[in-house]
Protein chains: 2
Amino acid sequence: MGVKEKRAKYKEEFRREILDAARELFINEGYEKFSMRRLAEKIDYSATTIYLYFRNKDDLLFAICEEFFGHFSDKLNHIRALSQDPVETLRHALLYLMNFGLENPNQYKLIFFTKSVYGTREEWVEQESMARNTYFVFREIVQDCINAGKFQDIDVDVIVDTLSIASHGVMAKNIHCANFSKERSDIVAHTLVDVILRGLQRQISFE
Amino acid sequence: MGVKEKRAKYKEEFRREILDAARELFINEGYEKFSMRRLAEKIDYSATTIYLYFRNKDDLLFAICEEFFGHFSDKLNHIRALSQDPVETLRHALLYLMNFGLENPNQYKLIFFTKSVYGTREEWVEQESMARNTYFVFREIVQDCINAGKFQDIDVDVIVDTLSIASHGVMAKNIHCANFSKERSDIVAHTLVDVILRGLQRQISFE
DNA sequence: AGCTAAGCTTAACAGCGTTAAGATTGACTA
DNA sequence: TAGTCAATCTTAACGCTGTTAAGCTTAGCT
């Protein structure tokens, strides 16, 4: 292994180290308290060093987001793999997302409430990313419901957006309004999922 | 009119002036570009002068939020006044909120995505505010639906939260993801409202 | 031993919210 | 009318932010 490769390896490892420290700082201290200088202090380097491994703060945030979406898309695939009823799979996936958001508000805030780390919709569609992969897996889960004839005749992408928006809203409320307890958010999350899935379905069971 | 009253009047007027300039700055330049110093420049005073009329930046934001909620609760009351079918009234109210958010992203962002201007849920419930008034009007519209026997047996507050969360989500997506066009958001907003109202209702019309 | 370049740091810029202290101004009183 | 006092506004500063330019240190290769 040549020197250049060794350096490259080292560089990659350091990048990891910074990334891990950054995520930890976010989770423990919260979104507001995060700063490049605090991160630098945590890893015992000067703030400018970080800029040798990440173009800027947004680049760092992007990396963390991508990592999360990697895990999340894995989890979605897993949920889908042990699928019985497609609608129940979808319900499971939605509740998983919301629960993650409610239990990890700082991380969720970082991921979803950061100003446009993924650019415009066009850029997002064109450029390969874990976020896009996650979207596609989620989309397939919805498509499964449609294929099974469970849903009304609505465009799959519209349904996907509708659903992601709903779970988004739960977190938005929980994080930004600060009026919500975890228990209350849980109740509302379940109600929202129930109501939406009920509203989407073609046939509805009466009580 | 004594001097003290005159001063008080003037002070109130200046407060208004600052408030109007602040809102304008928010709407035109966007949330990110807003700062106390830029606002000061706009009104041709030094930045510190603002602090004689508002305790701090949050206090200023609070004032703007309250003003909006004043208008919004009026609008809701108006919609409710010319009510025919309660569910249609609710639909109307929801679409009005979402449409406002989609057409005034900066203002909406300021109002709903600012860190806890209204404190915890307990503080929010106890302390009189336009935001709370708006909530109550909205709550009554939902209660109308329940009283008319249109909805399933779900707690009124849970429904209100569910609905506000949903509209919240539309804006969250539209504002923060930057992947969404106005048209697409419109479609998704209508779909979301349709699906949720359908899901909430006791009896559902099949197509 | 001397050169080269990678790796890291110090110093600085321009911006932020906010506060303390001082200047200005206008009105009331002695 | 001169003097006092308080309201009003500004200048200067603190400590923070993201980010860049320039310089220092050190390790590897010739």
Side-chain angles (χ1 to χ4, degrees), chain A residues 1-19 21-23 25-26 28-65 106 109-110 113-117, chain B residues 1-19 21-23 25-26 28-65 106 109-110 113-117:
Chain A
M1 194 190 267
V3 177
K4 269 196 174 165
E5 283 79 12
K6 225 171 188 175
R7 283 194 189 279
K9 173 86 185 302
Y10 176 67
K11 189 145 188 166
E12 193 50 48
E13 273 171 11
F14 198 177
R15 213 183 125 93
R16 268 245 62 79
E17 210 173 295
I18 296 174
L19 216 56
R23 195 184 44 249
L25 198 60
F26 260 114
N28 295 340
E29 305 282 331
Y31 181 88
E32 277 78 17
K33 285 189 177 173
F34 177 89
S35 79
M36 297 300 259
R37 282 178 160 91
R38 285 173 75 97
L39 174 58
E41 202 175 339
K42 188 179 164 74
I43 60 174
D44 259 319
Y45 283 85
S46 80
T48 49
T49 300
I50 302 173
Y51 287 84
L52 301 172
Y53 298 87
F54 296 91
R55 280 208 327 282
N56 51 32
K57 194 181 175 182
D58 276 353
D59 191 32
L60 204 162
L61 296 186
F62 178 84
I64 296 181
C65 290
N106 284 326
K109 200 190 305 195
L110 160 63
F113 292 91
T114 277
K115 57 164 169 106
S116 59
V117 273
Chain B
M1 192 188 271
V3 177
K4 271 198 173 162
E5 284 78 12
K6 225 173 189 173
R7 283 193 189 281
K9 174 88 186 299
Y10 174 69
K11 188 142 187 168
E12 194 50 48
E13 273 173 10
F14 198 178
R15 212 184 125 95
R16 268 246 61 78
E17 213 172 293
I18 296 174
L19 216 54
R23 195 184 43 248
L25 198 60
F26 260 114
N28 295 340
E29 305 282 332
Y31 180 88
E32 277 78 17
K33 285 188 176 173
F34 177 88
S35 78
M36 298 300 260
R37 284 178 157 90
R38 284 172 76 98
L39 174 58
E41 203 174 339
K42 187 179 165 74
I43 60 175
D44 260 321
Y45 284 85
S46 80
T48 50
T49 300
I50 302 172
Y51 287 85
L52 301 172
Y53 298 87
F54 296 91
R55 281 207 327 281
N56 51 31
K57 195 181 176 183
D58 276 352
D59 191 33
L60 206 162
L61 296 186
F62 178 83
I64 297 181
C65 289
N106 283 325
K109 199 191 305 194
L110 160 63
F113 293 92
T114 275
K115 57 165 167 103
S116 58
V117 273

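These figures come from a predicted structure and were not determined experimentally. Order of the sequence lines fixes the chain letters, A, B, ..., with proteins taken first and strands second; residue numbering starts at 1 for each chain.
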Exercise. Parallel, tilted or perpendicular for B:F26 and B:F34, by the 30°/60° rule?
Worked result: parallel

Distance in angstrom units between [X] [atom1] and [N] [atom2], rounded:
X	N	atom1	atom2	value
A:K57	D:dT17	NZ	P	9 Å
B:K33	C:dG15	NZ	C1'	14 Å
A:M36	D:dC16	CE	P	18 Å
B:I43	D:dT10	CD1	C1'	13 Å

Among [options], the nucleotide that comes nearest once only the side chain of [X] is considered:
X	options	result
A:K11	C:dG7, D:dT10, D:dT19	C:dG7
B:Y45	D:dG18, D:dC9, C:dG7	D:dC9
B:Y51	C:dT18, D:dT17, C:dC8	C:dT18
A:Y53	C:dT9, C:dG7, D:dT10	C:dG7
B:N56	C:dT18, D:dT20, D:dT10	C:dT18

For this session: Give A:S35 one of three labels, base, sugar-phosphate or nothing, depending on what nucleic acid heavy atoms sit under 4.0 Å from its own.
Result: sugar-phosphate

For this session: Classify the side chain of A:R37 and the base of D:dG18 as holding, or not holding, a donor-acceptor pair under 3.5 Å.
Result: yes

Problem set entry | Separation of A:N28 CG from A:R23 CZ (nearest 0.5 Å) | 11.0 Å

Exercise. Given C:dC8, is OP1 or OP2 found less than 4.0 Å from the side-chain N or O atoms of A:S46?
Worked result: no

For this session: Check whether any side-chain nitrogen or oxygen of A:T48 sits under 4.0 Å from OP1 or OP2 of C:dC8, and answer yes or no.
Result: no

